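Not measured: the values here are computed from a predicted model. Numbering of ligands and ligand atoms starts at 1, following listing order.
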Amino acid sequence: MDTWQELEQECLRCTRCKLCSGRNNVVFGVGNKQTDILFIGEGPGEQEDLQGVPFVGAAGKFLDDMLSIIELDRTKVYIANIVKCRPPHNRDPEEEEQQACIGYLRRQIELIQPKIIVCLGRIAARQIIYPEYRITREHGQWINRDGIWYTAIYHPSALLRDLSKRPDTFEDLLAIRDKMRFLGINASAE
Ligand code: URA
C-alpha cells in the first residue's frame with residue numbers, strides 16, 4: 001500500500017486528464033487521516049483551486065456549519081473530492097475525468113479505512129454508491145458494503161440555493177450522528 005506522502009506526491013504531478021491544464025492547484029484532501037468518517041464532494045471550485053484546499057468557498061463555509069450541527073469539524077473528519085482538479089466554469093466533472101481521478105480517492109479510502117462514507121451530492125453518490133443513485137429520493141438512506149457504511153446527503157451548494165432541502169439535511173445529519181454512536185465512533189480530534 002502507498003504511504004500518504006507517495007500518494008499525494010503522485011497526485012500533485014497528475015496529468016491523467018485534461019483538467020490538469022487549467023489548474024492552479026491540485027486539491028488533494030484535508031482533515032484527519034485517522035478518522036472513521038470520510039466526506040466526499042464533487043470537485044474543486046474557484047477558491048479551492050486557488051488555495052489547494054477542499055471546500056473553502058461559500059459551500060465550504062456551509063459545510064463547516066453542517067458539520068458543527070453534529071459536533072464535527074475538519075480536525076475530526078477527512079474531506080476529499082471525486083476529482084482533484086477544478087472543472088472549468090464549475091461544470092460537472094465528466095465521466096472520463098472522474099474515471100481518470102477515482103483511483104486517488106480509492107487509495108485515500110484504503111489508507112483511511114473509514115467506517116462511514118458520506119457522499120455530498122449526486123455526483124459523488126453516483127460514483128461511489130451506485131450509478132443510478134437518485135439524490136432526491138435516496139438521500140439519508142444507508143447501505144453497508146464490505147463493512148463500510150455509505151450514505152449521501154445534499155451537496156452544500158444545493159442547500160445554499162434551495163432552502164427547502166435544509167430540513168431533510170438536518171435529519172440526515174442527525175442520522176449520521178446516530179450511526180456514529182451506534183458504531184461507537186468517538187470523533188475526537190487526534
Ligand atoms: N464543491 C465540492 O464538491 N468540492 C469542493 O471542494 C468545493 C466545492
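- Gln5 and Gln9 are not linked by any side-chain donor-acceptor pair at a separation below 3.5 angstrom, with hydrogens and angles left out of the test.
- Every residue was checked against the side chain to side chain contact (heavy atoms under 4.5 Å, CB included) condition with Glu96, not counting sequence neighbours, and none meets it.
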Acceptor/donor pairs from residues 47-59 side chains to any protein atom, 3.5 angstrom cut, sequence neighbours excluded:
unit_1: Gln47; atom_1: OE1; unit_2: Gln51; atom_2: NE2; d: 3.0
unit_1: Glu48; atom_1: OE1; unit_2: Gly45; atom_2: N; d: 2.9
unit_1: Glu48; atom_1: OE2; unit_2: Val56; atom_2: N; d: 3.0
unit_1: Glu48; atom_1: OE2; unit_2: Gly57; atom_2: N; d: 3.0
unit_1: Asp49; atom_1: OD1; unit_2: Asn24; atom_2: N; d: 2.8
unit_1: Asp49; atom_1: OD1; unit_2: Asn25; atom_2: N; d: 3.3
unit_1: Asp49; atom_1: OD2; unit_2: Asn24; atom_2: ND2; d: 2.7

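- Remark: the Tyr104 side chain and the Glu8 side chain contain no N/O donor-acceptor pair separated by less than 3.5 Å.
- For the pair Lys179 and Trp142, the cation-pi test (distance below 6.0 Å, angle within 45°) is passed.
- For ligand 1, residues of the protein lying within 4.0 angstrom by heavy-atom distance are Gly41, Glu42, Gly43, Glu48, Pro54, Phe55, Asn81, His155.
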Under 3.5 Å, side-chain donor or acceptor atoms of residues 62-69 against the rest of the protein: list the pairs with distances, not counting sequence neighbours.
unit_1: Asp64; atom_1: OD1; unit_2: Arg74; atom_2: NE; d: 2.9
unit_1: Asp64; atom_1: OD1; unit_2: Arg74; atom_2: NH2; d: 3.4
unit_1: Ser68; atom_1: OG; unit_2: Asp65; atom_2: O; d: 2.8

